[in-house]
Amino acid sequence: MTSPQNRPPVIERFYAQLDVHISEGLTPEQKEGIEKAIVASTLASRHRIDIRRSFPFFGKRFYLVFLFGRDLRQRHRQESTLSTMLLTFLLLLGTLFVTCCVLLTLYMIKSALGIDVFQHFHVGIWDWWLSLKDR
């Protein structure tokens, strides 16, 4: 069992919600087992990337959570075929978007430096970009 000073916040919140009489009636072995189960089920602070933000939007608050890391659970969730297909599609779409952004950035840098890869052939994005400041 971890000492009260070294407990993860999720354990502290658990004991804050637990009735005092019940908490006092637990043996150290029971407390240790409960704490291990809570930490294992929440995987508190075991993510390589843990972004949790909230923001106002049209008078209400919304939140965004992005977690990334290894799945350390003993029992894995059953995933439906639809969720697997959706995840694959979203990853493909994200990869395609990032690739297009990188290629567009490289093209704009190439055009700004005046480098012509193919003589007498231009996509026209650089000319369009320059025409925006004339408006």
Side-chain angles (χ1 to χ4, degrees):
M1 182 171 70
T2 59
S3 66
Q5 296 85 9
N6 297 335
R7 286 183 184 156
V10 69
I11 300 295
E12 291 298 325
R13 288 191 301 269
F14 170 76
Y15 282 120
Q17 295 295 319
L18 189 62
D19 186 66
V20 177
H21 300 296
I22 294 173
S23 178
E24 290 173 354
L26 293 174
T27 66
E29 293 83 20
Q30 290 171 329
K31 285 184 178 183
E32 184 178 350
I34 290 171
E35 290 175 13
K36 282 182 180 179
I38 290 172
V39 170
S41 66
T42 59
L43 296 178
S45 72
R46 290 189 188 176
H47 301 97
R48 285 206 176 268
I49 299 173
D50 187 344
I51 300 171
R52 300 167 193 247
R53 299 284 184 255
S54 65
F55 53 92
F57 190 70
F58 290 114
K60 296 184 181 187
R61 291 203 62 82
F62 291 88
Y63 64 91
L64 170 74
V65 176
F66 182 78
L67 303 173
F68 181 80
R70 284 187 53 216
D71 188 359
L72 301 174
R73 296 174 291 193
Q74 291 176 350
R75 284 186 250 141
H76 295 284
R77 291 183 183 160
Q78 289 288 72
E79 295 185 13
S80 68
T81 305
L82 180 63
S83 67
T84 304
M85 288 173 46
L86 182 62
L87 179 63
T88 304
F89 176 73
L90 289 175
L91 285 173
L92 180 67
L93 194 64
T95 304
L96 184 63
F97 177 75
V98 169
T99 303
C100 287
C101 288
V102 167
L103 289 175
L104 180 63
T105 302
L106 291 173
Y107 173 80
M108 296 297 275
I109 291 170
K110 173 203 78 71
S111 297
L113 294 174
I115 300 170
D116 261 346
V117 177
F118 302 107
Q119 292 294 336
H120 308 294
F121 177 77
H122 300 284
V123 177
I125 297 173
W126 181 251
D127 295 330
W128 169 79
W129 179 257
L130 292 177
S131 73
L132 289 178
K133 71 177 180 177
D134 295 336
R135 291 183 185 178

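Numbers here are sequence positions counted from 1.
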Would you find a donor on one side and an acceptor on the other, under 3.5 Å apart, between the side chain of S131 and the backbone of W128? yes
Are I22 and I38 co-members of a hydrophobic cluster defined by side-chain heavy atoms under 4.5 Å apart? yes
If you draw a 6.0 Å radius around CZ in R61, do more than 12 non-hydrogen atoms from other residues or ligands fall strictly inside? yes
If we check side-chain contact (heavy atoms from CB on, under 4.5 Å) with T95, which of these qualifies: L93, V98, T99? T99
Near Y63 OH, under 6.0 Å, is it more than 12 heavy atoms from other residues, nucleotides or ligands? no
Joint cluster assignment, L87 & L67, ILVMFWY side-chain distance < 4.5 Å: no
Grab the two heavy atoms, one from Y107 and one from I125, that are nearest each other, plus how far apart they are. CE2-CB, 3.7 Å
Just verifying a value: how many Å separate Q30 CD and S23 OG, rounded to the nearest 0.5 Å? 11.0 Å
Straight-line distance of E35 CD to I11 CD1, nearest 0.5 Å: 5.0 Å
How are the rings of F68 and F66 set to each other: parallel, tilted or perpendicular (split at 30° and 60°)? parallel
So, taking the atom named CG in D19 and the one named NE2 in H21, what distance separates them when rounded to the nearest 0.5 Å? 5.5 Å
Could you check whether atom CZ of F89 has more than 12 heavy atoms from other residues, nucleotides or ligands sitting under 6.0 Å from it? no
What is the distance from atom OG of S111 to atom CG of D116, rounded to the nearest 0.5 Å? 8.0 Å
Working for salt bridge (charged side-chain N to carboxylate O under 4.0 Å, His left out), residues E32 and K36: CA-CA 6 Å; E32 184 178 350; K36 282 182 180 179; 3.4 Å; yes
Do the side chains of L130 and L132 join up, straight or via other hydrophobic residues, at under 4.5 Å, putting them in one cluster? yes
Just wondering, are more than 12 heavy atoms of other shown residues or ligands nearer than 6.0 Å to NZ in K110? yes
